[in-house]
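Structure, as structure tokens:
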Amino acid sequence: QVQLKESGPGLVQPSQTLSLTCTVSGFSLTSYNVHWVRQPPGKGLEWMGRMRYNGDTSYNSALKSRLSISRDTSKNQVFLKMNSLQTDDTGTYYCTRYSGTYYFDYWGQGVMVTVSS
Amino acid sequence: DVVMTQTPVSLSVSLGNQASISCRSSQSLLHSDGNTYLSWYLQKPGQSPQLLIYLASNRFSGVSNRFSGSGSGTDFTLKISRVEPEDLGVYYCFQHTHLPYTFGAGTKLELK
């Protein structure tokens, strides 16, 4: 069945780089787009960016200068890297699959990231 | 970037009554391919978001018919008839017509 699972460090120091992995199963990264969405504690959802089935990427305007999304199709993994982290980057980070019929149909459980010294 | 304005911020409803949430976009969400890429998601406490409505008015498989989406262009509405306890949470609209994609700020549905 379709699954997505985020993994990464729970704690990152300010000014450092965040590296997260979304490991997927039950579908191919060469057939579906995968997006990243984050949520600060007690706040709303923010679209961060996407990896398309063909390897193209798109990013949130406000994060574009410090965000990079990549993938390893042989390992069924999508990666998120964001540098120059600040405390307001604290939150839960989700990866989600975008179905061919125009919606996010499966989500990971999310991974909580705290930016603190 | 397209700004999605959701109102109200919070909504207090009695069980069995109707709830209505508005979502307005700063640009038309009608894509050149003829589709309107506006979705509604519900996030229950401690859970990942779940899809309710896609393409503005299509109910996702398994979603109760008490949920309905309507609207076009820049004005969209989610209606929940006969609110039940499992409907409580935060509702988000999301536009994926124009890059970068954007969410509304959310509407918290609470019990009166």
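Every chain is numbered from 1 and lettered A, B, ... according to where its sequence line falls, protein lines coming before strand lines. Small disclaimer: the values here were computed from a predicted structure and weren't measured.
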Transitive ILVMFWY side-chain link [X] to [Y], under 4.5 Å:
X: Val111(A); Y: Leu63(A); value: yes
X: Leu30(B); Y: Phe94(B); value: no
X: Leu111(B); Y: Leu109(B); value: yes
X: Met51(A); Y: Val2(A); value: yes
X: Leu4(A); Y: Phe60(B); value: no

Disulfide bond (SG atoms under 2.5 Å apart): which pairs involve residues 34-67 of chain B, sequence neighbours left out?
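Passing the test, one end in residues 34-67 of chain B: no pairs.
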
Geometric donor-acceptor pairs, no angle filter, chain A-chain B, under 3.5 Å:
from	atom 1	to	atom 2	distance (Å)
Gln39(A)	OE1	Gln43(B)	NE2	2.9
Gln39(A)	NE2	Gln43(B)	OE1	2.7
Gln39(A)	NE2	Tyr92(B)	OH	3.4
Arg50(A)	NH1	Tyr101(B)	OH	2.9
Ser61(A)	OG	Asp1(B)	OD1	2.9
Ser61(A)	OG	Asp1(B)	OD2	3.0
Tyr94(A)	OH	Gln43(B)	NE2	3.2
Tyr98(A)	OH	His96(B)	ND1	2.7
Phe104(A)	N	Tyr41(B)	OH	2.9
Trp107(A)	NE1	Pro49(B)	O	3.4
Gly108(A)	O	Ser48(B)	OG	2.6

Given side chains that start at C-beta, do those of Phe103(B) and Val37(A) come closer than 4.5 Å, heavy atoms only?
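Heavy-atom side-chain distance check passes, below 4.5 Å.
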
Those residues of residues 12-31 of chain A, ordered by number, that approach chain B below 4.5 Å (heavy atom to heavy atom)
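When heavy atoms of chain B are the reference, residues 12-31 of chain A contributes no residue within the under-4.5 Å range.
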
Pro41(A): what forms a side chain to side chain contact (heavy atoms under 4.5 Å, CB included) with it, not counting sequence neighbours?
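Per chain and number, Pro41(A) pairs via side chain to side chain contact (heavy atoms under 4.5 Å, CB included) with Thr90(A), Met112(A).
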
So which of Ala105(B), Gly106(B), Pro49(B) has the largest heavy-atom pair count under 4.5 angstrom toward chain A?
Pro49(B)

